[in-house]
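Report on the structure given below.
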There are 2 protein chains.
Amino acid sequence: MPKNCNFIEKLREVGLRPTKQRIKICEVLYNREKTFHFTVNDLVKMISEQMSQKISLATVYNTVHAFEKKGYLKEISIDSQKTYFDTNTSAHHHFFDEDTHELIDCDGSDIDKINIRKTITGKKINSIEVLVRIASDNQNQK
Amino acid sequence: MPKNCNFIEKLREVGLRPTKQRIKICEVLYNREKTFHFTVNDLVKMISEQMSQKISLATVYNTVHAFEKKGYLKEISIDSQKTYFDTNTSAHHHFFDEDTHELIDCDGSDIDKINIRKTITGKKINSIEVLVRIASDNQNQK
DNA sequence: AGCTACATTATAATTATTCTAAACTATTGA
DNA sequence: TCAATAGTTTAGAATAATTATAATGTAGCT
Ligand SMILES: [Mn+2]
Ligand SMILES: [Mn+2]
Ligand SMILES: [Zn+2]
Ligand SMILES: [Zn+2]
């Protein structure tokens, strides 16, 4: 979803009615320079900071899942406690900071193309994703 | 944890008292040819099938986490709903079958060593894991 | 045998997410 | 313009996985 796009039109195009809740969520998610990662809780907080009127939690869940289904969000499972969503819906790899629980995107030049030699009959590959877990390096504390 | 090992000794060695619950869980998890993946629910089912006396759910959770802490189990987050554990505690990659929700191990020859060119200052890499999502290939149904 | 720290257990609490069903609203077409 | 309709929002209940509590039990030591 491009920045400063006509969200009303965009939503209609994909068959979602442009309600004020959805438009607000679009603004919060997509009117920014860079893509980012968030939890539903993060999103609820961002919305409540920018709005007088609240959006109910059920609607936030509904909307996030509706956007996911339409391909405007990607769900990422890293941490068994939290479900992350990503406004970067392209295929890409991640660093996960185990100290801060922050996700960081890798771009194409960071990791070579992964070549899978194993095949499983009757099955096709949907995605190949690398997760690099990082944490603070305490070797420096001699 | 090797097959047919003396679990009582092994548990004592790492500072865990060899209770009958823990010994039973060791047998269920480690007395088999191959490593495998399971959820806590799976494990509870396996135990109840093989035992007259039940082990409480809290104990199963406690034990699984104790074993994880001691390095005899690995936790895997793939699916936001379920937490998987792996009796294969070495670094390895996975296929995840999105139809059956089954995890399949990759061995070293299946995927080349991953080279990470990106570095983040003050952070060290703890692990690099690839997840290959697969699903049934319906191209064949012409 | 008796002490003590560790473990087990039933049960309650917590948390994230989904469901329900009633109220609301965007869209359409008469 | 306006009512019909299907889609949407919402508060609150329900569900499910996991963790906390606190009482009871037990392994290991003397
Ligand atoms: Mn989902
Ligand atoms: Mn855990
Ligand atoms: Zn990302
Ligand atoms: Zn595995």
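In what follows, chains carry the letters A, B, and so on, assigned in the order in which the sequence lines appear, proteins first and then strands, with residues in each chain numbered from 1. From a predicted model like this one, the values you see are computed outputs, not experimental measurements.
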Check for me, please, whether A:Leu131 and B:Ile114 land in the same ILVMFWY cluster - side-chain distances under 4.5 Å, paths through other members count.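 No, separate clusters.
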Distance test, side-chain N/O of [X] to OP1/OP2 of [N], below 4.0 Å:
X: B:Tyr61; N: D:dT19; answer: no
X: A:Thr59; N: D:dT8; answer: no
X: B:Gln21; N: C:dT9; answer: yes
X: B:His65; N: D:dT19; answer: yes

Residues in side-chain contact (heavy atoms from CB on, under 4.5 Å) with B:Thr59, at least two apart?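 B:Thr59 satisfies side-chain contact (heavy atoms from CB on, under 4.5 Å) with B:Gln21, B:Ile55, B:Ser56, B:Thr63 once adjacent residues are dropped.
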Other residues, nucleotides and ligands only: do more than 12 of their heavy atoms fall within 6.0 Å of NZ on A:Lys124?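 Yes - once you tally the heavy atoms of other residues, nucleotides and ligands closer than 6.0 Å, there are more than 12.
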Rounded off to whole Å, could you give me the [atom1]-to-[atom2] distance for the [X] and [N] pair?
X: A:Ile78; N: C:dA16; atom1: CD1; atom2: P; answer: 18 Å
X: A:Asn41; N: C:dT15; atom1: CG; atom2: C1'; answer: 10 Å
X: A:Arg22; N: C:dT27; atom1: CZ; atom2: C1'; answer: 13 Å
X: A:Glu13; N: C:dT27; atom1: CD; atom2: C1'; answer: 17 Å
X: A:Asn62; N: C:dA16; atom1: CG; atom2: P; answer: 18 Å
X: B:Leu43; N: D:dT18; atom1: CG; atom2: P; answer: 12 Å
X: A:Met51; N: D:dT9; atom1: CE; atom2: P; answer: 11 Å

Contact pattern, 5' to 3', of nucleotides 20-30 of chain D - B, S or - by protein heavy atom under 4.0 Å: B------BS--
Using a heavy-atom cut-off of under 4.0 Å over every strand shown, decide if B:Leu57 touches base, sugar-phosphate, or nothing.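 Base contact - B:Leu57 has a heavy atom under 4.0 Å of at least one base atom.
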Salt bridge (charged side-chain N to carboxylate O under 4.0 Å, His left out) contacts in which one or both residues fall within residues 32-53 of chain B, not counting sequence neighbours: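 The answer is B:Lys3-B:Glu33.
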Salt bridge (charged side-chain N to carboxylate O under 4.0 Å, His left out): which pairs involve residues 101-111 of chain A, sequence neighbours left out?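 For residues 101-111 of chain A: A:Asp110-B:Lys118.
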With sequence neighbours left out, write down each residue that passes salt bridge (charged side-chain N to carboxylate O under 4.0 Å, His left out) with B:Arg133, or none if nothing qualifies.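 Scan of B:Arg133 (salt bridge (charged side-chain N to carboxylate O under 4.0 Å, His left out), adjacent residues dropped) gives B:Glu98.
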Qualifying residues under salt bridge (charged side-chain N to carboxylate O under 4.0 Å, His left out), relative to A:Arg17, sequence neighbours excluded: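 Expected list: none.
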